[in-house]
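Notes follow the structure.
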Amino acid sequence: MSEPSRFDRGHTDDLMSFLATSPSPYHAVANAAERLEKAGFRQVAETDAWDGSSGGKYVLRGGAIVAWYVPEGATPHTPFRIIGAHTDSPNLRVKPLPDTGAHGWRQVAVEIYGGPLLNSWLDRDLGLAGRVTLRDGSTRLVDIGRPLLRVPQLAIHLDRSVSSEGLKLDKQRHLQPIWGLGNDVRDGDLIAFLEEESGLPAGEVAGWDLMTHSVEPPAYLGRDQELVAGPRMDNLLSVHAGTVALAAVATSGAGLPYIPVLAAFDHEENGSQSDTGADGPLLGSVLERSVFARGGSYEDRARAFAGTVCLSSDTGHAVHPNYAERHDPTHHPRVNGGPILKVNVNNRYATDGSGRAIFAAACEKAGVPFQSFVSNNSMPCGTTIGPITAARHGIRTVDIGVAILSMHSARELSGADDPYLLANALVAFLQG
């Protein structure tokens, strides 16, 4: 029998609860905000004037949250220590005209968001969640967390070629989920059903941002429960770790040489170009307003940004036992081996040598091992919010994360200890 975990599983238990209750980016930031509120943070509105008082504050905008803690004695030019992450995951999202069907089946018209492993959404019980906007302009979170939808796969008897040629899915024709029977498909049925299920007045929903999610809960896996299987680890694992780390630092009572920040953005999976994405103005606006609220000038802003460091935390690829040749032969990150430092000389990741030293120091301080990740030279390399953050704000940025398998699947796989190790490294980084 392998050695049992050296770590308390309380953090991972909490992560699993966070994943289960965050079926959309809007739920994720609401859950993060609730946890920060318990640590003494308060929400500030972007339309209000901000003061320069110390303490924890946060801004919510759609599926994004930026939270920061101003310690006593912070100057206008005090640098920031930022944890960057993203709240969105690849999935199937409801179209503007959702009611469709054929041959006696009632279906929901969906669009493909990001780059999901399409086969992982087949024959899986799906719920529906997201945000609706009412006629008065207010918004509500909704979550039908029971089996409601299913994308049925074609039986092998009707497609013998699947065994020899592999599964081929047309994104338009083959991924529309079923949710009932009937030939009388009527416009408005899905939204009327959603209103009824969510306790909203009939006819009040004027807009929606809805998406499917697997209703199977996260679970420990394996002989010794060394693994965790669950949805949306890319990248709610980092959002959760960043939230925990920021709350811990803010309530520690220790003097801080930096202003710790959590920036969790939406829309990373489709390029980050939105008002809630990392390529938008949200982070820069919050940081600048924090400087100016403390009486700072443009010079103070420049000094603060020059001393700022961001850890862009996102999941990466653990070595796959069935496809080891797809990985770099000298870089094989393993689950439960600690967080990974992600490097790409073509700037798909933002890490350089000085950034590596900063992360190594944080891990050493926390007593956390870390691993290095680099892509196989013959394989294309993904990217993160790291290079975007570095280029847009002129902030030194380091790409890190946790190694997982099945990235972009409806259900991913991580080590049970790595989330705890990541959170501890983030605490040490924020403390400086």
Side-chain angles (χ1 to χ4, degrees), residues 19 23 88-95 97-129 144-183 185 190 210-219 221-222 227-234 269-270 315-327 335 375-376 378-382 403-414:
L19 294 173
D88 59 320
S89 302
N91 55 23
L92 311 178
R93 302 207 172 186
V94 176
K95 288 184 174 180
L97 300 175
D99 298 291
T100 186
H103 305 290
W105 295 99
R106 301 181 72 181
Q107 295 175 276
V108 175
V110 295
E111 191 172 4
I112 311 303
Y113 178 83
L117 284 171
L118 296 177
N119 61 292
S120 71
W121 289 89
L122 302 179
D123 296 331
R124 190 178 293 273
D125 296 339
L126 304 175
L128 194 65
I144 302 176
R146 63 175 175 84
L148 177 69
L149 306 161
R150 187 178 179 92
V151 183
Q153 188 169 193
L154 184 64
I156 193 170
H157 312 82
L158 303 177
D159 184 13
R160 296 289 184 180
S161 66
V162 71
S163 298
S164 58
E165 300 177 15
L167 181 65
K168 298 178 181 178
L169 295 172
D170 183 284
K171 293 180 179 180
Q172 179 62 40
R173 295 185 294 121
H174 298 153
L175 290 161
Q176 308 307 311
I178 60 172
W179 74 299
L181 299 174
N183 292 308
V185 175
L190 179 68
L210 300 171
M211 59 205 71
T212 60
H213 63 91
S214 172
V215 298
E216 184 181 3
L221 184 144
L227 305 169
V228 172
R232 300 176 294 280
M233 291 189 188
D234 178 17
E269 298 293 355
N270 61 10
T315 55
H317 303 297
V319 61
H320 196 301
N322 299 336
Y323 301 91
E325 74 280 359
R326 301 295 182 97
H327 300 264
V335 298
S375 290
N376 185 307
S378 299
M379 303 289 294
C381 180
I404 69 171
L405 292 181
S406 305
M407 187 184 295
H408 286 198
S409 172
R411 194 168 176 85
E412 297 161 322
L413 186 70
S414 80

For R326 and M379 the tightest heavy-atom approach is O-CG, 3.7 Å
Can you name the closest pair of heavy atoms from E412 and P231 and give their distance? OE1-C, 4.5 Å
Would you tabulate the side-chain donor-acceptor contacts of residues 97-116 under 3.5 Å, counting partners in other chains and residues two or more places apart, or write 'none'?
from, atom 1, to, atom 2, distance (Å)
D99, OD1, L190, N, 2.9
D99, OD2, G188, N, 2.8
D99, OD2, D189, N, 3.3
R106, NH2, D189, OD2, 2.5
Q107, NE2, Q176, O, 3.1
Y113, OH, D88, OD2, 2.6

All heavy atoms of L169 vs all of N119, minimum pair found to be CD1-N, 4.0 Å
Show the nearest heavy-atom pair for residues V215 and G145, with the distance to one decimal. CG1-O, 3.4 Å
For H408, give me all partners under side-chain contact (heavy atoms from CB on, under 4.5 Å), at least two apart in sequence or on another chain. P90, D234, E269
Please tell me if the side chains of H174 and L118 come closer than 4.5 Å, counting only heavy atoms from C-beta onward. no
Considering only heavy atoms from C-beta outward, does the side chain of H320 approach that of L405 to under 4.5 Å? yes
Any side-chain heavy atom of L92 within less than 4.5 Å of one from L149? no
State, with a plain yes or no, whether a side-chain heavy atom of T212 is found less than 4.5 Å away from one of V94. no
S414 (side chain) donor-acceptor with I404 (main chain) under 3.5 angstrom: no
Would you confirm whether R411, through its side chain, and S214, through its main-chain N or O, come within 3.5 Å as a donor-acceptor pair? no
I want to check something: taking the side chain as every heavy atom from C-beta on, are W179 and L126 in contact at a cut-off of under 4.5 Å? no
In this structure, are over 12 heavy atoms from other groups packed under 6.0 Å from K95 atom NZ? yes
Any side-chain heavy atom of L19 within less than 4.5 Å of one from M233? yes
What one should report as the nearest heavy-atom pair of D123 and P152 is OD1-CA, 3.3 Å
